[in-house]
Asks: 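Starting off with a structure, shown below.
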Amino acid sequence: MYDPQRIERKWQDKWEQARIFEANPISDREKVFITSPYPYASGPAHIGHGRSFVNGDVFARYYRAKGYNVLYPMAFHITGTPVLAISSSIERGEENMIARMIEYVSLHTHEEKKVKEIVESFVEPWNVVNYFSSTYKSDFKSIGMSLDWRREFTTGDKLYNKLIEWQFHKLYDKGYLEKGEYPILYCPRDGNAVGEDDISRGDELNLDINEYTCIKFPFGDGYLVPATLRPETIYGATNLWINPSGIYVDANVNEEKWIISEEAIHLLVNQNKLVRVLRKFKGSELIGKKVKELFGDRELLILPGEFVDTSVATGVVYSVPAHAPYDYIALVDLQKDKDMQEKFKLDKEEIEGIKPIQIIDLPGFEDFPAKIYCERFKVESQEDFEKLDNATAENYKNEFYNGVLNDKCADYESLKVSDAVVKVVEELIENGKADKLYLPITKDLKCKCGERIIVSILKDQWFLNYTAGNWKEKAFECLNSMDIVPKKYRMNFEHIFNWLEKRPCARKRGLGTKLPFDKDWIIESLSDSTIYMSFYTIIHILKENGIQPDQLVIEFFDYVYLDIGDIQEVSKKTKINVGLLKQMQKEFFYWYPVDHRHTAIMHISNHLSFYIFHHVAIFPRKHWPKIISLIEPVIIEGQKMGKSIGNVIALADIQQNYSADLFRFYISHSADFGIMVDWREKQIQTVKNHIMRFYNFFVENVIAIKEVEGDIAHINSKYSKIVLSKCINKFIEAEKGLEELNLRKYLQLSFYEVFNLLQEYSKHTDNERDKLEVYKIVFPEWIKILSITMPHLCEELWEKLGKDNFISTEVWTDFNIDYTNIKLEREFDYVSDVVDDIMNILKIVKSSSPENIYLYTAPKWKQDVYEIINSKKGDFKEIMEQCKFSNDLMKNKNLISYIKSQIKERVWEKESNSLKEELILEEYRSYIEKRIMAKIHINSEYDPKNRLAKAVPFKPAIYIDL
RNA sequence: GCGGGAAUUGCCAAGUUUGGUCAAAGGCGCUGGACUCAGAAUCCAGUCCCGUAGGGGUUCGGGAGUUCGAAUCUCCCUUCCCGCACCA
């Protein structure tokens, strides 16, 4: 009885005790260094992690089986805020987080009290890290990972920090680091930058930042300053809107007098403006006054707009009724509203005289876009917020991508809106006519502390400048020399490489490594995980020898990684002895570069691109990465897997509920890399049965085959030789699949197709002895090739075969091509075709049990002509020339039609060689009769329907006596 | 919008790089049969349409083209998915 859980634990323990996956340099053996990105230790592993690591494991085992010395390590990522967020949420007693952590911890701990204790301990971030890294380890062990755990570390380790410091010193020296201004989300109460984890509902809201342009309209001795997202519409401004009941101020802003809403002061102050309030007043005071246009002599009227929100931007809005639905409808409303005009003592005629100014031409629009969109969305009044928002969005989208500025826009005429925006802002600011103001896209974004989040501008943000020097060129050079599998993703990389510019690389908070030359900053999590694979090569030596962080000075890595510096001096400086330094350098030089990195496609646009960039920045060409293979994510029953859907399947449950080998098989076989694995319970149960059948089939025969030699010389029947040949060819093909990193192809061939062959063989053969000989040869090869996917099951079967070593450490020899025989296979294919034809006819005539079936092979002249057609590759003229040499042929009235039909069939492209059909049929008589359950007569005189005329070479005519 | 990917016979999904051997692998589902007290499992047969002789017809998102020949190559269109920067 197949008991996967028992078998799996047994072998996992044995592997661990024998430490067979611990890899050390062996100087005369070729190596393969394969990695998948270290997982984040802020939660338990799920089957998505399972997919990439199992794939990696299958490759690692394959490389080992091919005789390579294989390093397959892993570590843990903890940089950034997620771990801190867990701790602070636990500390605050947040119920959602506590519930989630209880759920996570319960995966491995079933005692309620203990669970509670563990979750409480999470107030300390390192407890979170330690807990989840340990569950990862046990989960990964439970699915049979062949990892070298001695080389484990986390990105928060002091030793690791030293590596990252060195990396950033190098980047700094190369001139790839820069400082600049950068807007960030900011909580004024905490005085800190905030990210997704710090924001209420941060995971569902849009956390982008809008850049507003504040236009300085001259007004008295200062400026009235509306803010806009569409500065290119400045030429279409007709008036300004002020909320009459809002509070406004005269304020001194960086030595200029601005009129803005009271609430705006707070925003400006946090964006590096010096602000002093001079006077406070109600908005109504401004109504009816006028500002001067930026360009030209027009004066724009200040009008009442209740819709103006004084808490958004500057609380002042300029009106572009031709292109902004809100402005358009407000203007229409006001023009109709006599009471309002009365109330603010506005000039009726002047109000009516305000006409929208169209400054953007839009193909297919006869009227002002704002008007058309208001009509399209059936906007009735300025109170229809929802309709107005939709109308605005559509209006803007259309104008942004399709609109062109017209002749009212001076120098900007005929620019596309998308280009004009950038130019207008640039020039306005350059000329001192405008300023910038940043706001979160989402209104009322709240920090978890309750405070409203605003945008602050960091003046000295650190950036990595990917356009610096020849960095990009080198990255492309590396990419061009790499294998990307599947290759359809290469374009993706190229595009990302082109698009990468500057990227902030440090943050103000979170776990990680401090920037060595600016200790206020912590290196951001995607920037500190680019060359860490190098650390796998030496970390275990550092740990074993008790090397302390302060010993890992710049000279250390310079020497070990780059062979720079004098070893005596490095030793003196680091207080690490020369021998050890040499050993580490040797180990690094042995393992590096990373030969193969395997992960999900979501990492292309960030991690994998940075991985390449940072490697080319720091390491010489010989240490650049070589292969990246990519997978699509795992989905569950056709649905995305996610916390919010609540359908995440933890790796912790896999072995118990399914078994490691089943998981490994399913995850490897059910989809090619380029498509999503769909985790379907029903499908998995089917696969489970397949594996069970395989196990039973194997075990049923394992004793019997001990009686035979497993020697092809002892195999008598052709059929048996054919099956052996076919199996070996399948193995060879399957291995080609592995070489192409195509796991699905490899398993389809090595598991399903070989299994089908053997099952059919077992059913149709009548030579028991031969059968055992075949099995004796095939079985060991079979479980070897399957062992990389189902290592536990195959170890068990290996043991049952009487072997006393691990199949996991068995090096494959080449499959024995002496067992293959193409000629025999062709013969057999011919016979199978005949059987299929007979079956087909039986099906059509709906007869199941005829007694006699007659087969007629083609007459000699057809054979001869067939040879001619073959030799002339279907050239009709040449064929006829050749036929003319034979009078008999030329007299045959069927000749031309026969040649024509054979040419049409393109027979010369088929691989049938000169088979002696009659002999073959005779030889396979018993096989054929067994398959069709009738007696066959070959080339009998009896041919009542003259079927013989239909016979062509390799397609004998058939007559069934019904 | 930009960039990338995809569309195959009831469903999932190979095949496309290198055009012909493709009515198109495999799995699921469905239909019939065997086994069984029964079910599950397993096994056998069938599963685009027509056909009492191995054949014929119509298919690979839609349209046009190249070719003796197109699921595969070219062009246009439609639909869907993913990424678009500080969340890892």
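None of the values given here were measured: they were computed from a predicted structure. Chain letters run A, B, ... following the sequence lines, proteins first and then strands; every chain starts at 1.
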Asks: Under a 3.5 Å limit for both distances, which nucleotide forms a Watson-Crick or G-U wobble pair with B:U74, could you say?
Replies: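 Pairing partner: B:A64.
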
Asks: Given that both distances must come in under 3.5 Å, which nucleotide forms a Watson-Crick or G-U wobble pair with B:C84?
Replies: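 The base-pairing partner of B:C84, which may sit in any strand shown, is B:G1.
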
Asks: Can you check whether A:Tyr182 has a side-chain N or O nearer than 4.0 Å to OP1 or OP2 of B:C86?
Replies: yes

Asks: Should the pair A:His607 and A:His603 be assigned to parallel (<30°), tilted (30 to 60°) or perpendicular (>60°) ring geometry?
Replies: perpendicular

Asks: Classify A:Asp836 by what it touches in the nucleic acid, base, sugar-phosphate, or nothing, heavy-atom distance under 4.0 Å.
Replies: nothing

Asks: Measuring to OP1 and OP2 of B:A88, would you say a side-chain N or O of A:Thr81 lies under 4.0 angstrom away?
Replies: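 So the side-chain polar atoms of A:Thr81 do come within 4.0 Å of the phosphate oxygens OP1 or OP2 of B:A88, strictly under.
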
Asks: Give none if B:G46 has no partner; otherwise give the nucleotide forming a Watson-Crick or G-U wobble pair with it, both distances under 3.5 Å.
Replies: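 The base-pairing partner of B:G46, which may sit in any strand shown, is B:C30.
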
Asks: Quick check on RNA chain B: between A:Lys945 and A:Glu632, whose nearest nucleotide comes earlier from the 5' end?
Replies: A:Glu632

Asks: How close or far is atom C1' of B:A53 from atom CG of A:Leu948, stated in whole angstroms?
Replies: 16 Å

Asks: Write out a two-atom table: protein N or O, nucleotide N or O from nucleotides 27-36 of chain B, distance below 3.5 Å.
Replies:
from  : atom 1 : to       : atom 2 : distance (Å)
B:G27 : O2'    : A:Gln683 : OE1    : 3.3

Asks: Would you say A:Lys488 places a side-chain N or O within less than 4.0 Å of OP1 or OP2 belonging to B:G3?
Replies: no

Asks: Let's test this: given Watson-Crick or G-U wobble pairing with both distances under 3.5 Å, identify the partner of B:A40.
Replies: none

Asks: Could you check how far NZ of A:Lys745 sits from C1' of B:G26, rounded to whole Å?
Replies: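 After rounding, the gap between these two atoms is 15 Å.
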
Asks: For B:A23, give its Watson-Crick or G-U wobble partner with both distances under 3.5 Å, or none.
Replies: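 Pairing partner, where one exists within any strand: none, as none qualifies.
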
Asks: For B:U42, take OP1 and OP2 only and decide whether either is under 4.0 Å from a side-chain N or O of A:Asn689.
Replies: yes

